[in-house]
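Since the structure is predicted, the reported quantities are computational estimates derived from the model, not experimental observations.
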Amino acid sequence: MCAIHQPNLFPRLSTLAKLYAADRWIVLDDVQFARRDYQHRARLASLDNPCDRQWLTLATHLPRGRPTLIREARLAEPERCRRRVAQLVRQHYGRSRHWQTVQTALDGVLDRFRTTDYTADIAEASTRALLTSLGWRGEVLRSSDLPAREKRSERLADIAAVTGSSVYLCGTGGLRYLETEPFATQGVTVVPFRTPAASHGIWQSVREVSGLWALATIGACTLAEELRAAASHALGRAILPPLPVLLDELHPNIVGLDAP
C-alpha cells in the first residue's frame, strides 16, 4: 500500500495516520508549491487546550514565483527558521511528560537545517521524525525520481504503479477530485482512508492541528496504538505488523535510548 502526499511540516494527524497505515510514502515534491497549504507551516495546539493554536511557519522564497515546484522552494532565513522551530515547539510541549519523545523528533529536524536550505527537505524530515517516533518502518520515495504523466489522477496512478504498489490510500481531500479509471487500468486499487470522527480526544482536530500535539499529549506508544486502530477500521482489516516496543514509553528511566 502506498500513500502519495506532499511534504508537510509536522503534518496534521489526518496526514500522519494515512502515512502510518501505508507501506510506502511517496513524497509528492514535483507539483506547484502552495502557500496556503501545509508544506511550510503547521498549527501547534496548546498542550492544555487544543483550541488554542498558533502557526509555525518557515519563511519560504519561491525562486520562480508562483510556478515554483515544492522541491525548488528555499528557506528565506534558514537560521532564523531553525530558532523559531526550536522555540515554538519547546514553548508548546516542553511541559509534557512525553517531552523526551518530542525532543528526539525535534532534534532530528533541527539537525537537518544544518545541511539544507530547501523547505521540502525540512518538511520531509519533520514527517519522517514523527513516523520514526511511532516505530514506522516503511519506505520513502520521491515522485520527482519517478516517471509519470502530467494529469493529476494519471500522475498518481503512474507513481503508484511504477513503485509496485497494488493499493493507493486516498485521503478525503483526494476523493473529491480523483478519477479511478487510470488506477484500474494499471491494476491499482484506490482505497479511501478516513480518520475517526470524534468531538474529543486526539481526533477532535485531526485535519487542523499538527500531530505533535497528539504525540506530546498521549505519547508515542499510545499514539501508535491509536493509529493502528484507525487504520484497521478505515481499511476494514488488520494491515500492520506487530507494534514495536518503544523504549521511551516503556520506562521513564530509559528515555532517549535507541531501540535495538
Side-chain angles (χ1 to χ4, degrees), residues 3 5 7-22 25 38 41-58 84-112 122-138 140 171 193 195-196 198 200-231 234 240 243-252 254-259:
H5 202 91
N8 283 183
L9 181 65
F10 293 115
R12 296 163 292 166
L13 192 56
S14 56
T15 300
L16 189 64
K18 182 179 70 172
L19 300 183
Y20 185 82
W25 171 32
Y38 291 86
R41 60 181 187 164
R43 275 194 184 101
L44 302 183
S46 170
L47 193 62
D48 302 321
N49 179 12
C51 293
D52 179 14
R53 304 164 184 176
Q54 180 177 1
W55 281 109
L56 167 61
T57 303
L58 301 178
R84 183 69 169 165
V85 170
Q87 174 190 359
L88 284 187
V89 173
R90 178 178 286 276
Q91 176 182 314
H92 280 75
Y93 307 120
R95 295 183 295 105
S96 167
R97 66 188 183 93
H98 304 288
W99 169 245
Q100 288 291 341
T101 302
V102 176
Q103 185 176 40
T104 297
L106 173 63
D107 286 346
V109 179
L110 297 179
D111 287 345
R112 193 72 176 97
I122 302 301
E124 179 184 328
S126 72
T127 304
R128 284 177 178 259
L130 290 181
L131 289 170
T132 297
S133 72
L134 299 171
W136 187 73
R137 300 191 180 102
V140 179
F193 188 89
T195 52
H200 61 281
I202 65 166
W203 301 107
Q204 61 183 300
S205 304
V206 63
R207 293 181 180 85
E208 300 172 1
V209 170
S210 167
L212 274 173
W213 176 78
L215 182 64
T217 300
I218 63 176
C221 189
T222 304
L223 179 55
E225 291 173 351
E226 288 275 0
L227 296 186
R228 288 169 59 82
L240 298 173
L243 185 68
V245 174
L246 303 175
L247 289 186
D248 61 350
E249 296 296 320
L250 189 61
H251 194 283
I254 56 174
V255 294
L257 298 179
D258 293 327

Polar side-chain atom of T127 near backbone of N8 as donor-acceptor pair, under 3.5 Å: yes

What distance do Q100 atom CD and D107 atom CG have between them, rounded to the nearest 0.5 Å? 9.0 Å

Is there a donor-acceptor contact under 3.5 Å from the side chain of Y93 to the main chain of A45? yes

Rounded to the nearest 0.5 Å, what separation is found between the CG atom of L16 and the CG atom of L223? 6.5 Å

How about L13 and L227: do any of their side-chain heavy atoms sit closer than 4.5 Å? yes

Within the distance-only criterion (no hydrogens, no angle test), does the side chain of S210 pair as donor or acceptor with the backbone N or O of F10 below 3.5 angstrom? yes

Note: S96 and A216 closest approach over all heavy atoms is OG-O, 2.5 Å

Could you walk me through whether R84 and L56 pass side-chain contact (heavy atoms from CB on, under 4.5 Å), step by step? CA-CA 8 Å; R84 183 69 169 165; L56 167 61; 4.0 Å; yes

Would F193 and L19 count as a side-chain contact (heavy atoms from CB on, under 4.5 Å) if you check the C-alpha gap in whole Å, the side-chain angles of each, and the deciding distance to 0.1 Å? CA-CA 10 Å; F193 188 89; L19 300 183; over 6 Å; no

Less than 4.5 Å apart, side chain to side chain, heavy atoms only: is that true for T217 and T222? no

Any side-chain heavy-atom pair from L215 and S133 closer than 4.5 angstrom? yes

Is it true that the side chains of Y20 and R228 contain a donor and an acceptor less than 3.5 Å apart? no

Taking atom CD1 of I218 and atom CD of E225, what is their separation to the nearest 0.5 Å? 9.0 Å

Shortest non-hydrogen contact from A21 toward A231: CB-CB, 3.6 Å

Enter the distance from R41:CZ to L44:CG here, rounded to the nearest 0.5 Å. 12.5 Å

Could you tell me whether the side chain of R12 and the main chain of R207 form a donor-acceptor pair under 3.5 Å? yes

With side-chain contact (heavy atoms from CB on, under 4.5 Å) as the criterion, how do W213 and R43 come out once you've worked through the C-alpha distance, each side chain's angles and the decisive distance to 0.1 Å? CA-CA 9 Å; W213 176 78; R43 275 194 184 101; over 6 Å; no

Using a 4.5 Å cut-off on heavy atoms from C-beta on, say whether the side chain of P11 contacts that of L130. yes

Would you give the length of the straight line joining atom CG of L212 to atom CG of L9, rounded to the nearest 0.5 angstrom? 8.5 Å

Tell me which pairs pass salt bridge (Lys or Arg N to Asp or Glu O under 4.0 Å) where either residue lies in residues 44-54, with sequence neighbours left out. D48-R95, R53-E208

By salt bridge (charged side-chain N to carboxylate O under 4.0 Å, His left out), which residues pair with R128, not counting sequence neighbours? E124

Which atom pair, heavy atoms only, marks the closest approach of P50 to Q204? CG-NE2, 3.7 Å

Taking every heavy atom of A220 against every heavy atom of L134, the minimum-distance pair comes out as O-CD2, 3.5 Å

Side-chain donor/acceptor of W25 to backbone N/O of K18, under 3.5 Å: no

